[in-house]
There are 2 protein chains.
Amino acid sequence: MATMQQVADRAGVSIATVSFVVNGTKYVTPATTDRVKAAMRELKFRGNVVARALASRRTRIIALLFPTTGNRFSPTTSEFFMSAAQRASERGYHLVLWPVDPAGDDLDDLVSGGLVDGVILMEVRMDDPRVAVLTDLEVPFTLIGRTRDSAGLPFVDIDFETTIVDSVDHLTALGHRRFGLVLEDIEGTPMAGYAPHLRAESTFRELVAERGLAGTVVYAGAGSEGGRGAAEALLTADPELSAVLVMKDDSAGGLLVGLFDAGRRVPEDVSVLSIASSAANADQHYPRLSTMLAPGRELGTRAADALIEQLDGTSADLPHFLLPCTLRTAESTAAAPAR
Amino acid sequence: MATMQQVADRAGVSIATVSFVVNGTKYVTPATTDRVKAAMRELKFRGNVVARALASRRTRIIALLFPTTGNRFSPTTSEFFMSAAQRASERGYHLVLWPVDPAGDDLDDLVSGGLVDGVILMEVRMDDPRVAVLTDLEVPFTLIGRTRDSAGLPFVDIDFETTIVDSVDHLTALGHRRFGLVLEDIEGTPMAGYAPHLRAESTFRELVAERGLAGTVVYAGAGSEGGRGAAEALLTADPELSAVLVMKDDSAGGLLVGLFDAGRRVPEDVSVLSIASSAANADQHYPRLSTMLAPGRELGTRAADALIEQLDGTSADLPHFLLPCTLRTAESTAAAPAR
DNA sequence: GTGAAAGCGCTAACAG
DNA sequence: CTGTTAGCGCTTTCAC
């Protein structure tokens, strides 16, 4: 592993000059630049990231924090990760996914000492303790998600409020008046207080009350079984229900089965709409599930941009970016023959 | 951010002494130790990871490389990640997931300069170029997976050969003689040469030939549609087929639908067995899919152990650890009433 | 048992 | 335009 000094010696220049051509920090004559570059090539110089970080107090690495416990890695999560990573890469940064305790306890040693220039938080809870830790540590950060009071925080998030309204609007236009909402049961888990659920639920409740619609909320357990249970609970609470919003990918299949078992045909008797899910997920079902697609890639990109602009000082204002899910109905692209 | 020197001043000792108590490198009197620790607490000393890394040439960070393109983040992938991270944490390391070009081109600048002490490769192809790059860089690494010739490499992997044999054994015991195998179509993608597929396929072909069984292999496209197409292709090639192995989670549902549409009842007419998948995936189906469960957590743990032992010099021998998938039938735990 | 001091490899003034 | 040099914060001999 060649050092910068060795390259300098080889090229017959000073170490500073090498540094300048490596970083483009200052103008260097084409002639010397060439000599330096040749030396670098010959010595296979790669540069020591750690030394550079110590001297410059920046690593050009940003971390996306992922809770070590609780939430699984959904396709949408994956979209956040991959798109943010790609954007970071385009802007000269590296993005790594860092598993961190949801309480934020092990955050200090990681982030302090300048191992990463900034972090992106995901899977945000209403009163996420990591925000306080990060603030205290004085590490630049951006949220994918929102805490209860996020006015002073930089964030990008799905606009769950609009998404729910749009969903209900869509179904109302189809003639539905009696709704159900299926959420994950996270009470008592480390992910309790998960903001998307809470926002979806309260928006839903307010909306149905406001419009004089029927609205039943149930919390489902894991997998198909949870979905079947949800169907049963829903129909017990409101046998007349005709539209269900489901925000729980792994139970969507079970929900359909449960509705079928209860003598409801989908979509003739009951419409089912998956909320904040992904195309990959919708496509696993047959007929394909109508879905409010989460704008995962767009938000991941935006989050990376927001953080990097904060780091580079490119932009001064706090990003507050909300994007609703977009409707993709089962029919719009499904080339599926009727079963 | 307090520095070690500040702590030393506060405690009235030298910086070396602080270093000794922080790292436990040398014996320090309980009395001084206490003074130092008190000073650390008062100054909220956290230590600069980067400076330590530069001086000691180790970061105690290991990276799990994830291809930026091609393969999605499956539940099994997630298990590798989370379990390896947990094990690393238990052994005093941090594990991060690093998105890297599958060709290994951007590997140099990351890994050189000692940003990470070692790496774990996943999603390994038969002739994975990353292996050469890493070898060239002299970075310690371990594979989750195997290249074509992995005798000289440290690896842990699913024992696909045994898994396929066990699967066919199981189904043969149930009376099946005519098999199908559904694989993902990755020809021409960056993940072409993905080892699990190739091993599963060749083992399957050899096995059916050897035993005089019928064996049809088809490659499926994405999602439910791909699964339905696979069912059709399978039954066209062998209308008498009665057992299908499917190694493609997102198409399993579609496969069932396709079989149903073709007038085959599952499991009465055709048995379906999902290969190297996860419980979470199996549980999304109803009735639950019989599955050869991938030992994701065990392998993730083993991979972390193998790499860390290599780094710490704890163990000298090359780990070559293979673990087959374990059968979980639809009936064994499903409390589901017949539909 | 504790301290002094020489780096680790690079950045960034400041001179020239 | 290029070189000198003083750190960045910590580890680690080697003395005392």
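All values below come from the heavy atoms of this structure, side chains included, with hydrogens, waters and symmetry mates left out. Owing to the predicted nature of the structure, the values given are computational and were not obtained by experimental measurement.
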A:Leu115 CG to D:dG9 P, straight-line distance once rounded to whole Å:
14 Å

Testing A:Leu97, A:Asp101, A:Ile144, A:Val119 for side chain to side chain contact (heavy atoms under 4.5 Å, CB included) with A:Leu65, which one passes?
A:Val119

Value in whole Å for how far the P atom of D:dC10 lies from CZ of B:Arg58:
18 Å

We want to know whether A:Asn23 and A:Ser19 form a side-chain donor-acceptor pair, criterion being a heavy-atom distance below 3.5 angstrom.
yes

B:Arg60 to B:Tyr93, cation-pi by 6.0 Å centre distance and 45° axis angle
yes

What heavy-atom pair brings A:Ile61 and A:Leu115 nearest, and what distance separates the two atoms?
CB-O, 4.2 Å

Would you indicate, yes or no, if D:dC1 has its OP1 or OP2 atom less than 4.0 angstrom from a side-chain nitrogen or oxygen of A:Thr29?
no

Within residues 41-56 of chain A, find the residues that approach DNA chain C with a heavy atom at under 4.0 Å, and present them sorted by residue number.
A:Phe45, A:Gly47, A:Asn48, A:Ala51, A:Arg52, A:Ala55, A:Ser56

Where does the chain B footprint on DNA chain C start and end, counting 5' to 3' with a 4.0 Å heavy-atom cut-off?
C:dG1 to C:dG9

For residues 78-85 of chain A, tabulate all N or O donor-acceptor pairs below 3.5 Å that involve a side-chain atom, not counting sequence neighbours.
unit_1  : atom_1 : unit_2   : atom_2 : d
A:Ser83 : OG     : A:Glu79  : O      : 2.6
A:Ser83 : OG     : A:Phe80  : O      : 3.3
A:Ser83 : OG     : A:Arg297 : O      : 3.2

Check each of B:Leu95, B:Val100, B:Thr142 against B:Leu64 using the side chain to side chain contact (heavy atoms under 4.5 Å, CB included) test, and report the only one that passes.
B:Leu95

Can you check whether A:Phe141 reaches A:Leu143 side chain to side chain, under 4.5 Å on heavy atoms?
yes

Mind checking A:Val13 for me? I need base, sugar-phosphate or nothing, with any heavy atom below 4.0 Å counting as a touch.
sugar-phosphate

Between CD1 of A:Ile15 and P of D:dG3 the distance, given in whole Å, is 12 Å

Does the side chain of B:Asp117 come under 3.5 Å of the side chain of B:Thr59 through a donor N or O and an acceptor N or O?
yes

Mind calculating the distance between CD (B:Gln5) and P (D:dT12) to the nearest angstrom?
17 Å

Could you check how far CZ of A:Phe20 sits from P of D:dG3, rounded to whole Å?
10 Å

